[in-house]
Amino acid sequence: DAKTTQPTSMDCAEGRAANLPCNHSTISGNEYVYWYRQIHSQGPQYIIHGLKNNETNEMASLIITEDRKSSTLILPHATLRDTAVYYCIVRVDAGNNRKLIWGLGTSLAVNP
Amino acid sequence: GAVVSQHPSWVICKSGTSVKIECRSLDFQATTMFWYRQFPKQSLMLMATSNEGSKATYEQGVEKDKFLINHASLTLSTLTVTSAHPEDSSFYICSARDTGYYEQYFGPGTRLTVT
């Protein structure tokens, strides 16, 4: 079962920041939060991941609350090409393997 | 960098036949590869994890004799759907984890239609 919950869908105006929330209240202390996105009928694309601290890269910023029970992915200036399903995922370490447990994601529509 | 390819990108086969899907890491070595299945409007479901040179670890409910996984080299894993049935029609996606790193990089997916 997925360890995250996200809104089913969101809208954002082109050029504005898109803030995508995620709840992961049962996350364990050593489990990472990952964000991927999937454009229709394509493979998922890695965006960012973090454990405790906020993270930023060329694509997005990840804000993790101090209690680690929720996080927010920020796309600072959304474009039409950012329209996709965004998945917030907890990485589970199972023995020697690290598995990504996927939920249903948030369908983000960026509107002109 | 970190490009993963899949072949074929789509395939149509008749019920009862077998289909092989290839997953390649093009510019890195992947000790671990993952196979997922995705039905329309649903999320990705992990089917199995394969480590190079050893047997794949299947998720609960996934038939290992039906979905044969081979990970013979650090850049290639294959998934064979044996005796395919219409209910096996789905979008199959592989991912590869670069040795020494945690991120998974995904292939573009293979659309399988069984008639």
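Throughout, protein chains are lettered first and strands after them, A, B, ... in sequence-line order, and every chain is numbered starting at 1.
For the set B/Met45, B/Glu59, B/Gln42, the entry with the most heavy-atom pairs within less than 4.5 Å of chain A is B/Glu59.
Residues A/Ile89 and A/Leu100 approach most closely at CG2-CB, 3.7 Å, considering heavy atoms. Here the shortest heavy-atom pairing between B/Gln104 and A/Tyr46 reads O-CB, 4.4 Å. Nearest approach of B/Leu112 to B/Cys13, heavy atoms of both residues: CD1-SG, 4.0 Å. Closest non-hydrogen pair, B/Val4 versus B/Ala96, comes out as CG2-CB, 4.0 Å. Closest heavy-atom contact between A/Leu62 and A/Ser71: CD1-CB, 3.9 Å. The minimum heavy-atom distance between A/Ile39 and A/Ala84, with the atom names listed, is CG1-CB, 3.8 Å.
The stretch residues 74-84 of chain B places none of its residues near chain A, where near means some heavy atom under 4.5 Å from a heavy atom of that chain. Within residues 5-36 of chain A, the residues that have a heavy atom under 4.5 Å from a heavy atom of chain B are A/Tyr34, A/Tyr36, listed by number.
Side chains of B/Ser15 and B/His85 form a contact here, defined as non-hydrogen atoms less than 4.5 Å apart.
Proximity to chain B (any heavy atom under 4.5 Å) is restricted, for A/Gln38, to the side chain, taken from C-beta onward. Using a 4.5 Å cut-off between heavy atoms, B/Ile93 contacts chain A through its side chain alone, with no backbone atom that close. When heavy atoms are compared at a cutoff of 4.5 Å, B/Gln6 does not approach chain A at all. Neither the backbone nor the side chain of A/Ser107 has a heavy atom closer than 4.5 Å to any heavy atom of chain B.
Residue A/Ile48 holds its CD1 atom at 7.0 Å from CG of A/Leu73, rounded to the nearest 0.5 Å. Separation of atoms NZ (B/Lys55) and CD1 (B/Ile69) is listed at 13.5 Å; rounding is to 0.5 Å.
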Apply side chain to side chain contact (heavy atoms under 4.5 Å, CB included) to residues B/Ile12 and B/Thr113 and explain how you reach the verdict. CA-CA 5 Å; B/Ile12 301 173; B/Thr113 302; 4.2 Å; yes
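Aromatic ring centres of A/Trp102 and B/Phe106 lie closer together than 6.0 Å.
Shown here is A/Lys69, whose NZ atom has no more than 12 heavy atoms of other residues, nucleotides or ligands within 6.0 Å.
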